[in-house]
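Scroll down for the structure; my scribbles are underneath it.
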Amino acid sequence: MNENLESRHNDMNILILGATGQIAHYLITDLLNHSDADLTLFGHHTSSRLTLSNPNREKAIDGDIENANDLKQAMKDQNIVILDNAMPNLLEDTYQAMKKAGVTRLIVTGTIGLYDEVGGKFGEWGKSMSGAFKDSEQYQQIIQQIIDDPEIDFTYVRMTMLYNNDQKTDYKLVPFGEKVTGAQVSRQAVAHFITDMVNDPTLENNANIAIIEPGSEDMTKPSFY
């Protein structure tokens, strides 16, 4: 084992909910290449929709997040749960299942705009896009409930406009309460950030943050629009 791998966490089990999603596609590869974690890939028809590149470290489970028994089974022996872009009810279901299973680390990806925090030229453009930054009081409440829970180590990642670019894996984090003016971030960069959190348990733990692409702060709109 090389020096980089020696510094990583052994015996780490990660449950990825919504494992057939676009961010999960890049995250699975990133975690296999840059961590020692074993992955449980959960979702509708996951076993038939995904091809496991490393069966020694990956297993696919077919299930429904809204089915309590499915979640209970998937949570067994997990250390970290990653939920991609959940609706409030799915976040609530995941949270309750973790409490029952005794799993303490949760990483969730969602969208910017939940707190009317989008600003700058990008914010003005966004307001012209129907429903682009819709507020969600219900979502805010469940996020805050989990952040306030001393038994759960939680990171909520608010993503700006997403696109795919293998060459753009750098990211910049915007703390809660600050205006978000970054117009875009690649899914690969989001995956890179999540992998960084897996490898460093102190990184942005118990935080609600936004993620953007460095240099996109003064853009009027994403480059792909």
Side-chain angles (χ1 to χ4, degrees), residues 16-18 21-27 30 65 81-95 106-149 152-197 203-225:
I16 301 178
L17 301 177
Q22 293 189 73
I23 290 175
H25 169 77
Y26 298 109
L27 177 59
D30 225 33
I65 295 178
V81 175
I82 299 170
L83 177 62
D84 181 18
N85 217 0
M87 298 300 292
N89 62 308
L90 301 184
L91 178 54
E92 175 72 32
D93 291 345
T94 301
Y95 169 55
L106 175 61
I107 299 170
V108 177
T109 58
T111 181
I112 57 169
L114 287 171
Y115 303 91
D116 194 27
E117 79 276 29
V118 186
K121 298 175 182 178
F122 171 53
E124 292 301 315
W125 172 82
K127 290 175 183 177
S128 70
M129 302 287 285
S130 177
F133 306 119
K134 186 178 180 181
D135 201 5
S136 173
E137 183 176 350
Q138 182 185 8
Y139 214 159
Q140 291 180 32
Q141 289 175 348
I142 181 60
I143 291 169
Q144 194 59 49
Q145 179 185 353
I146 302 173
I147 287 177
D148 291 341
D149 188 334
I152 301 292
D153 297 324
F154 182 45
T155 306
Y156 187 76
V157 185
R158 287 172 285 122
M159 306 176 295
T160 189
M161 303 292 279
L162 293 165
Y163 75 119
N164 296 331
N165 190 327
D166 289 329
Q167 306 306 313
K168 295 284 188 178
T169 60
D170 290 343
Y171 59 84
K172 179 178 179 180
L173 303 177
V174 182
F176 185 80
E178 293 188 12
K179 285 293 183 182
V180 179
T181 63
Q184 64 187 39
V185 68
S186 74
R187 291 179 179 88
Q188 290 90 330
V190 175
H192 184 72
F193 172 48
I194 295 173
T195 299
D196 285 345
M197 285 192 284
L203 183 62
E204 300 301 333
N205 196 12
N206 292 317
N208 181 342
I209 54 168
I211 184 169
I212 66 172
E213 180 179 297
S216 70
E217 296 92 334
D218 296 323
M219 295 172 64
T220 301
K221 61 181 182 180
S223 60
F224 44 90
Y225 270 83

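For the single chain, residues carry numbers from 1 onward in sequence order.
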Counting heavy atoms not belonging to Asn164, are there more than 12 under 6.0 Å from its CG?
yes
Would a 4.5 Å heavy-atom cut-off, applied to side chains only, mark [X] and [Y] as touching?
X: Ile112; Y: Glu117; answer: yes
X: Leu91; Y: Ile146; answer: yes
X: Gln140; Y: Tyr115; answer: yes
X: Glu92; Y: Gln145; answer: yes
X: Met159; Y: Phe193; answer: no

Atom pair [atom1]/[atom2] of [X] and [Y] - distance to nearest 0.5 Å:
X: Thr155; Y: Asn205; atom1: OG1; atom2: CG; answer: 5.5 Å
X: Ile82; Y: Ile194; atom1: CD1; atom2: CD1; answer: 5.5 Å
X: Ile142; Y: Ile147; atom1: CD1; atom2: CD1; answer: 10.5 Å
X: Ile16; Y: Leu27; atom1: CD1; atom2: CG; answer: 4.5 Å
X: Ile23; Y: Arg187; atom1: CD1; atom2: CZ; answer: 6.5 Å
X: Thr111; Y: Leu162; atom1: OG1; atom2: CG; answer: 8.0 Å

Check step by step if side chain to side chain contact (heavy atoms under 4.5 Å, CB included) holds for Leu114 and Ile143.
CA-CA 11 Å; Leu114 287 171; Ile143 291 169; 4.0 Å; yes
Run the ring-ring contact (aromatic ring centres under 6.0 Å, His included) test against Tyr139 and tell me which residues pass, sequence neighbours left out.
Tyr156
Take Asn206 and Asp153 through the test side chain to side chain contact (heavy atoms under 4.5 Å, CB included) and record every step on the way to the result.
CA-CA 6 Å; Asn206 292 317; Asp153 297 324; 3.8 Å; yes
Which atoms form the tightest heavy-atom contact between [X] and [Y], and what is the distance?
X: Gln188; Y: Asp166; value: NE2-OD1, 2.8 Å
X: Met197; Y: Leu203; value: CG-O, 3.6 Å
X: Gly21; Y: Asp84; value: CA-OD2, 4.5 Å

May I have the list of side-chain donor-acceptor pairs in residues 171-185 shorter than 3.5 Å, sequence neighbours left out?
unit_1 : atom_1 : unit_2 : atom_2 : d
Tyr171 : OH     : Asp196 : OD2    : 2.7
Lys172 : NZ     : Glu217 : OE2    : 2.9
Lys179 : NZ     : Asp116 : O      : 3.1
Thr181 : OG1    : Glu217 : O      : 3.2
Gln184 : OE1    : Ser223 : N      : 2.8
Gln184 : OE1    : Ser223 : OG     : 3.0
Gln184 : NE2    : Tyr163 : OH     : 3.4
Gln184 : NE2    : Glu213 : OE2    : 3.1

Side chain Ser186, main chain Ala189, donor-acceptor under 3.5 Å:
yes
Please determine whether side chain to side chain contact (heavy atoms under 4.5 Å, CB included) holds for the pair Phe154 and Val108, giving the CA-CA distance in whole Å, both sets of side-chain angles, and the decisive distance to 0.1 Å.
CA-CA 8 Å; Phe154 182 45; Val108 177; 3.5 Å; yes
